[in-house]
Amino acid sequence: MEGLNERQVEAVKSTTGPLLVVAGPGSGKTLTIIRRIAHLIHKGVSPENILAVTFTNRAAREMRERLHALLGAIAYSVFVGTFHLLGLRIIRENTTNKFVIYNREEQADLLQPLLHVSKAKAMEIADKISYIKSRATEPSQELKEVFEKYQTRMTSQNALDFDDLILKPIQLLDNTDLLKRYRANFRHVIVDEYQDINPAQYTLLRLLVGDNTTICAVGDPDQAIYAFRGADVRSFLSFEKDFLGTREVILNLNYRSSGNILGAADRMIHRNTHRIDKEIFTIKASGPLVVVASVPDEEAEGDFIAHEIESRIGGLSHYRLLNQTNERDIVDTPFCFSDFAVIFRTNNQAKAIEERLAETGIPCRILGKGSSDWGPRIYNIASFMKQFMNRTENRDHLFAMNAREFLETIGKDLQYDVDRVNDLAHQMQLIFGNEWTELVAGDMVNELNLLTPSDDFDSRAEVVTLMTLHMAKGLEYRVIFISGVEDGLIPYRTGNASESIDEERRLFYVGMTRAKEELYLIYKRRGVVYGKKTAREPSPFLFDIPASYIERITLPDRPKKLLRKQQMKLF
DNA sequence: AATCACCGGTTTTTT
DNA sequence: ACCGGTGATT
């Protein structure tokens with residue numbers, strides 16, 4: 001129990017009944033899960049009897065790596081994977097039929113000729129179908145016909161979509177013997193990011209958890225930001241009713257953010273209704289105030305960010321230089337570009353910022369849509385595979401390889417890092433069992449749709465990262481700039497009904513709590529919306545942060561030359 | 001096969 | 001304002 005705080009120890013040791021761990025941002029959530037698994041194994045639990053599920057490949061991989069670092073090879077016997085990987089394994093173990101897995105694009109390709117609509121429209125409908133399936137509900141009257149056509153088509157093509165990887169196992173487990181087998185196997189179940197579970201996944205989980213299963217759910221309802229794609233935070237909130245005899249542990253000690261940042265975020269999120277009320281504390285010193293900056297327009301915003309980054313690069317912490325304080329917790333290491341991230345609500349905000357940074361000579365990259373296969377390295381195995389397959393002379397050769405040879409080829413050809421190839425091998429093992437090396441590569445190619453996360457990126461790259469608030473979840477940076485903290489953007493408003501202020505507030509909370517040392521909240525007084533220049537108001541969420549946490553900076557309207565001067569005056 | 005004018009849409013996105 | 005897709009023209 002070394003290096004764990006009291007609450008974490010409690011979460012690690014409570015292995016008898018159901019356990020709900022409410023884990024605030026930066027509270028050592030993953031550490032706690034890893035140590036819980038290690039604890040179970042030390043107590044004599046066989047690693048095969050442990051199931052740890054996450055929602056993203058990124059999270060699963062991090063967990064596998066850390067578990068391996070702690071336990072060595074035995075870690076590979078624990079099932080650590082996404083819900084979809086688990087579903088795939090259950091399907092694999094219980095059906096002999098061949099099938100392919102369609103991604104969103106392939107779903108849209110199937111829908112398009114069926115409906116005679118544009119690709120974009122088909123994608124939209126694919127999203128809707130996915131939403132219906134993930135909520136495990138019936139399609140509405142208007143969608144019913146389309147939905148049924150789609151299902152028929154998928155069946156005839158022996159295709160499963162991502163949601164089927166959850167729904168199909170639910171059907172399969174409607175079999176007492178089979179259910180017994182799985183329950184006997186997965187005796188200890190841990191679910192990470194439980195606030196993001198959707199009803200279909202919840203149903204699968206309920207099936208797997210029997211009377212003798214210990215279930216441990218870890219998450220933070222304040223970071224539930226995926227309702228729009230079917231996640232339902234109510235599963236988290238009703239956990240204690242769902243699993244009788246639940247013990248609840250709150251991890252509220254934050255190891256990430258300095259005091260002012262955490263205080264500001266905490267007070268802000270307290271305005272939400274229907275919360276599990278928890279106070280959070282940081283072990284760090286109060287640090288610099290949160291900077292709330294009012295800037296005239298888009299260009300000024302980019303320039304401001306560029307300037308703030310520039311002034312820290314190659315020097316000591318700006319805060320220390322200016323204030324000559326000696327707070328122990330303010331890390332006394334020079335900044336590098338990868339210490340900074342700029343985050344925003346919508347992707348279209350990225351371009352303007354990127355331009356201004358590039359102009360100042362600050363290297364940056366935009367994370368998200370399509371960025372995974374940028375650059376000299378190919379990050380996406382699926383796209384690599386497709387290219388490889390298209391070189392016809394390789395095709396037969398590749399199909400005939402066994403799995404091990406196949407992965408080795410990718411090692412070489414992709415200059416993939418060894419860790420990644422090993423991890424991929426491990427995932428194969430999770431799906432196919434220990435005989436996976438005997439498999440022929442041709443059989444694995446669709447599984448690969450599942451194993452290729454778009455969130456796969458090199459975090460060590462020496463650049464400033466630009467991304468959406470959604471993408472930022474689970475990451476941390478020394479300095480965070482949140483751009484466009486404006487009404488209409490944060491919270492985002494479309495005018496149609498489905499929007500939730502609470503969810504938008506949580507999104508802002510996620511953004512704020514990414515910062516370790518410094519946080520900038522920037523709003524423009526004038527912005528461009530659908531090509532029209534309009535006056536903008538600061539986000540109403542800013543008014544929920546007590547003034548004592550904030551330092552306000554106002555950059556005047558042009559001329560731009562005043563910018564820097566004015567800024568200096570303010571310090 | 002490539003080019004271009006037009007049109008519609010314009011939030012977030014993992015698997 | 002601008003992007004991406006579409007369908008017509010070269």
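Residue numbering restarts at 1 for every chain, and letters A, B, ... go by the order of the sequence lines. Source: prediction; values computed, not measured.
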Novice: Which is the 5'-most and which the 3'-most nucleotide of DNA chain C that has an atom under 4.0 Å from a heavy atom of chain A?
Specialist: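 First-to-last contact on DNA chain C, by the 4.0 Å heavy-atom rule, is dA1(C) to dT6(C).
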Novice: Below 4.0 angstrom, N of the basic side chain to O of the carboxylate: do R275(A) and D502(A) qualify?
Specialist: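 Salt bridge absent between R275(A) and D502(A).
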Novice: Under the side-chain hydrogen bond (donor to acceptor under 3.5 Å, both in side chains) rule, collect the residues that match up with D220(A), sequence neighbours excluded.
Specialist: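 Only Q223(A), K278(A) meet the side-chain hydrogen bond (donor to acceptor under 3.5 Å, both in side chains) criterion with D220(A).
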Novice: Listed by chain and number, what are the salt bridge (charged side-chain N to carboxylate O under 4.0 Å, His left out) partners of K351(A), not counting sequence neighbours?
Specialist: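 Counting only residues at least two positions away or on another chain, K351(A) forms no salt bridge (charged side-chain N to carboxylate O under 4.0 Å, His left out).
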Novice: Take atom P in dT13(B) and the same atom in dG4(C), then report the distance between them in whole Å.
Specialist: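 After rounding to an integer number of Å, I get 16 Å for this pair.
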Novice: Whole Å only: how far is the OH atom of Y131(A) from the P atom of dT13(B)?
Specialist: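 Those two atoms, OH and P, are 17 Å apart.
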Novice: Enumerate all atom pairs, one protein N or O and one N or O from nucleotides 4-7 of chain B, separated by less than 3.5 Å.
Specialist:
none

Novice: Take atom CE of M123(A) and atom C1' of dG8(B), then tell me their distance rounded to the nearest Å.
Specialist: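 One finds 17 Å between C1' of dG8(B) and CE of M123(A), rounded.
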Novice: Can you identify which nucleotide, out of dT15(B), dT14(B), dT12(B), has its nearest atom closest to the M471(A) side chain?
Specialist: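 Closest nucleotide to the M471(A) side chain: dT14(B).
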Novice: Just the rounded figure in Å: distance from P of dT14(B) to CG of L469(A).
Specialist: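 These atoms are roughly 14 Å apart.
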Novice: Show me, pair by pair, the donor-acceptor contacts under 3.5 angstrom made by side chains of residues 128-139 of chain A, not counting sequence neighbours?
Specialist:
unit_1	atom_1	unit_2	atom_2	d
S130(A)	OG	R104(A)	NH2	3.1
S130(A)	OG	D163(A)	OD2	2.9
K133(A)	NZ	Q151(A)	OE1	3.1
K133(A)	NZ	D161(A)	OD1	3.4
K133(A)	NZ	D161(A)	OD2	2.7
K133(A)	NZ	D164(A)	OD1	2.7
K133(A)	NZ	D164(A)	OD2	3.3
S134(A)	OG	S130(A)	O	3.2
S134(A)	OG	Y131(A)	O	3.0
R135(A)	NH1	G230(A)	O	3.4

Novice: Mapping D163(A) and Y530(A) onto DNA chain B by nearest heavy atom, which one lands closer to the 5' end?
Specialist: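 Counting from the 5' end, the first nearest nucleotide belongs to Y530(A).
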Novice: Before accepting this row, confirm whether a basic side-chain N of the pair R58(A)/E62(A) lies closer than 4.0 Å to the acidic partner's carboxylate O.
Specialist: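 A salt bridge is absent here (no side-chain N lies under 4.0 Å from a carboxylate O).
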Novice: dT14(B) phosphate, OP1 or OP2: any side-chain N/O from N57(A) under 4.0 angstrom?
Specialist: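 No, because none of the side-chain N or O atoms of N57(A) sits under 4.0 Å from OP1 or OP2 of dT14(B).
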Novice: Would you please name every residue forming a salt bridge (charged side-chain N to carboxylate O under 4.0 Å, His left out) with E476(A), sequence neighbours left out?
Specialist: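 If we apply the salt bridge (charged side-chain N to carboxylate O under 4.0 Å, His left out) test to E476(A), skipping adjacent residues, the hits are R256(A), K516(A).
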Novice: Contact class for F228(A) vs. all strands (heavy atom < 4.0 Å): base, sugar-phosphate, or nothing?
Specialist: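 Answer is base: heavy atoms of F228(A) come under 4.0 Å of a base.
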Novice: Round to the nearest Å and state the distance from L367(A) atom CG to dT12(B) atom P.
Specialist: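 It works out to 14 Å between those atoms.
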Novice: What contact category does Q112(A) fall into here, base, sugar-phosphate, or nothing, at under 4.0 angstrom with non-hydrogen atoms?
Specialist: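 It contacts sugar-phosphate atoms only.
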Novice: Going by side-chain contact (heavy atoms from CB on, under 4.5 Å), name the residues that satisfy it together with L110(A), two or more places apart in sequence or in a different chain.
Specialist: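 Counting only residues at least two positions away or on another chain, L110(A) forms a side-chain contact (heavy atoms from CB on, under 4.5 Å) with Y102(A), L114(A), Y150(A), R153(A), M154(A), Q157(A).
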Novice: In whole angstrom, what separates L475(A)'s CG from dT13(B)'s P?
Specialist: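 Taking CG of L475(A) and P of dT13(B), I get 13 Å after rounding.
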Novice: Figure out the CD1/P separation between I101(A) and dT15(B), and round it to whole Å.
Specialist: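 My rounded result for the distance is 13 Å.
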Novice: Who passes side-chain contact (heavy atoms from CB on, under 4.5 Å) against A227(A), sequence neighbours left out?
Specialist: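 So A227(A) forms a side-chain contact (heavy atoms from CB on, under 4.5 Å) with E503(A).
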Novice: Just grab all the side chain to side chain donor-acceptor pair (under 3.5 Å) pairs involving residues 529-539 of chain A, residues at least two apart or on different chains.
Specialist: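 Non-adjacent pairs meeting side chain to side chain donor-acceptor pair (under 3.5 Å): E486(A)-R536(A).
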Novice: Base, sugar-phosphate or nothing for K351(A)? Non-hydrogen atoms, less than 4.0 Å.
Specialist: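 The residue K351(A) makes sugar-phosphate contact but no base contact.
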Novice: For a quick test of reading the model: is some side-chain N or O of T468(A) closer than 4.0 Å to OP1 or OP2 of dT13(B)?
Specialist: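 Yes, because at least one side-chain N or O of T468(A) sits under 4.0 Å from OP1 or OP2 of dT13(B).
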Novice: Round to a whole Å and report the spacing from CD of E106(A) to P of dT15(B).
Specialist: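 After rounding, the gap between these two atoms is 16 Å.
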Novice: Can we say R493(A) and E504(A) salt-bridge, meaning some charged N sits less than 4.0 Å from an Asp/Glu carboxylate O?
Specialist: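 Salt bridge between R493(A) and E504(A), a charged N being under 4.0 Å from a carboxylate O: no.
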Novice: Find the distance M467(A):CE to dT14(B):C1' and express it as a whole number of Å.
Specialist: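 It is 16 Å, rounded to the nearest whole Å.
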